[in-house]
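Here's the structure we're looking at; comments come further down.
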Amino acid sequence: MKPGDLVMDDRSHMDESNWFWNAFRRLGVVMAVREEIEVLWTNERGQWTTHERPSRLVVISESR
């Protein structure tokens with residue numbers, strides 16, 4: 001994982017038949033990589049940043 005990668009939450013621990021499968025879908029961009037990953041999330045309400053463990057994220061598209 002590196003800055004610029006497009007990521008989303010890892011939902012592998014959830015069963016797809018779970019009603020909340022799509023409820024927690026977030027897309028974000030990796031801003032910084034340290035002990036934790038700083039991610040800029042965005043949705044229709046705005047933008048916010050969080051610090052996440054790498055195991056909680058899945059890379060959707062790698063930056064060049």
Side-chain angles (χ1 to χ4, degrees):
M1 219 171 289
K2 59 189 175 295
D5 287 354
L6 183 64
V7 296
M8 73 184 297
D9 292 314
D10 181 13
R11 294 176 294 153
S12 63
H13 64 282
M14 296 177 72
D15 184 11
E16 290 186 32
S17 64
N18 186 326
W19 286 11
F20 297 105
W21 172 255
N22 287 325
F24 301 107
R25 182 171 290 184
R26 301 186 297 178
L27 288 174
V29 176
V30 175
M31 300 302 290
V33 178
R34 296 183 185 96
E35 290 124 27
E36 292 188 327
I37 310 296
E38 183 179 354
V39 181
L40 173 68
W41 303 102
T42 186
N43 66 13
E44 67 277 355
R45 295 183 180 165
Q47 297 177 339
W48 68 97
T49 59
T50 61
H51 296 275
E52 303 284 343
R53 292 187 311 267
S55 63
R56 296 198 52 170
L57 299 171
V58 175
V59 175
I60 302 300
S61 178
E62 293 184 3
S63 68
R64 292 184 176 196

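Residues take their numbers from the sequence shown, with the count starting at 1.
- For the salt bridge (Lys or Arg N to Asp or Glu O under 4.0 Å) condition, the pairs that include at least one residue of residues 37-50, sequence neighbours left out, are R34-E38.
- In plain terms, the two heavy atoms of A32 and P3 that are nearest each other are CA-CG, 4.5 Å.
- Under the side-chain hydrogen bond (donor to acceptor under 3.5 Å, both in side chains) criterion, N43 pairs with no residue at all, not counting sequence neighbours.
- Annotation: side chain to side chain donor-acceptor pair (under 3.5 Å) contacts involving residues 52-64, sequence neighbours excluded, comprise D5-S63, R26-E52, T50-E52.
- Hydrophobic side-chain contacts under 4.5 Å tie V39 into a cluster, directly or through other members, with M1, V7, V30, V33, I37, W41, W48, L57, V59.
- Partners of Q47 under the side chain to side chain contact (heavy atoms under 4.5 Å, CB included) rule, at least two apart in sequence or in another chain, are L40, T42.
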